[in-house]
Amino acid sequence: MIVEAEAYGGPIDGPWPDSAAHSFRGPTPRSAVMFGPPGRLYTYRSHGIHVCANVVCAEDGVAGAVLLRAAVIEDGAPLAAARRGPTVAPVAFARGPGNLCSALGITLQDNGIDLLDPHGPVRLELGVPLDAAEGPRVGVSTAADRPWRYWVSGRPEVSAYRRSPRAPTPGASD
DNA sequence: GGTAAGATCAGC
DNA sequence: CTGATCTTACCT
C-alpha cells in the first residue's frame with residue numbers, strides 16, 4: 001500500500017513545467033517513458049546506487065509521473081526482509097524510494113512495463129482513497145518549495161523530510 | 001571525450 | 001555530516 005508519493009511534471013511548455021523533473025528538458029533515452037502512455041513504470045538509477053520507481057500519469061505524449069516514496073508491506077514480509085537485510089525493521093522495509101524498490105524487487109529491467117497488465121511482473125491496483133497531507137518534495141534542488149509530495153499522516157512508513165542542501169533559501173520562487 | 005551533479009541511504 | 005558509486009546530460 002503506497003503511503004507516500006511525489007508528483008513530477010515536464011518541459012517548460014507543457015501543462016506542468018517542472019525544473020526538478022527528468023523530463024524538464026524534453027525526452028531523453030532515460031526519461032522517454034515519462035512521455036509515453038500512462039500506467040507504465042518509469043525506473044531510473046539514483047546516485048549510482050539505488051533504483052527509484054514512478055508511475056506515469058499523463059496522457060501519451062505529455063510528461064508527468066509520480067515517484068513512489070514509501071509503502072506498507074502488507075504481504076510477503078519474509079521476502080522483503082530477505083531483500084532488505086536482517087537489521088531493517090519492517091516499518092522501514094519500503095521507506096524511501098530506493099528502499100521501496102529494493103523491498104519490492106523492482107529493477108531497471110522493469111522500466112517501461114505496463115503496471116495495469118494483470119500478468120506483468122509489477123502491478124498496480126487502485127485502493128480506497130486515503131486522507132493525504134501535502135508538502136515540499138524531498139531532495140530536489142530546484143522548485144524546492146512546490147508542495148507536490150503527498151503522504152498519509154501518522155504513518156511510520158513515511159520517509160523523513162530532507163531538503164536538498166543545494167536548494168535555494170526556502171520561499172525563493174521557482 | 002571530460003566532468004559535475006544527482007527525485008538516496010546508512011553509518012559515524 | 002559524509003562516503004559510496006555510476007549514470008546522465010551538458011559542455012568543449
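Here is the naming used below: chain letters follow the sequence lines, and residue numbers restart at 1 for every chain.
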Checklist entry - Looking for any heavy atom pair under 4.0 Å, which part of the strands does A:R30 touch: base, sugar-phosphate only, or nothing? => result sugar-phosphate
Next on the checklist: Looking only at the side chain of A:Y8 (C-beta and beyond, no hydrogens), which of the listed nucleotides B:dT8, B:dA10, B:dA7 gets closest?
Outcome noted: B:dA7
Next on the checklist: Can you pull out the residues from residues 48-58 of chain A that lie within a 4.0 Å heavy-atom distance of DNA chain C?
Outcome noted: A:G48, A:I49
Checklist entry - Do A:R83 side-chain atoms and A:A103 backbone N/O form a donor-acceptor pair below 3.5 Å? => result yes
Next on the checklist: Heavy atoms only, 4.0 Å cut-off, all strands: where does A:R84 land among base, sugar-phosphate and nothing?
Outcome noted: sugar-phosphate
Checklist entry - Which part of the nucleic acid does A:S164 contact within heavy-atom distance under 4.0 Å: base, sugar-phosphate only, or nothing? => result nothing
Next on the checklist: Under 4.0 Å, counting only non-hydrogen atoms across every strand here, what does A:R162 touch: a base, just sugar-phosphate, or nothing?
Outcome noted: nothing
Checklist entry - Is A:R25 near enough to C:dC10 that one of its side-chain N or O atoms lies under 4.0 angstrom from OP1 or OP2? => result yes
Checklist entry - A:T28 side chain N/O closer than 4.0 Å to the phosphate oxygens (OP1, OP2) of C:dA9? => result yes
Next on the checklist: Would you say that more than 12 heavy atoms from the other residues, nucleotides or ligands in this model lie under 6.0 Å from the CG of A:D60, or not?
Outcome noted: yes
Item to check | A:R40 vs A:D117, salt bridge (charged side-chain N to carboxylate O under 4.0 Å, His left out): CA-CA, chis, key distance, verdict | outcome: CA-CA 9 Å; A:R40 304 263 259 253; A:D117 177 356; over 6 Å; no
Next on the checklist: Give the dot-bracket line for DNA chain C from 5' end to 3' end: parentheses for intra-strand Watson-Crick or G-U pairs under 3.5 Å, square brackets for crossings, | for inter-strand pairing, dots for unpaired.
Outcome noted: ||||.||||||.
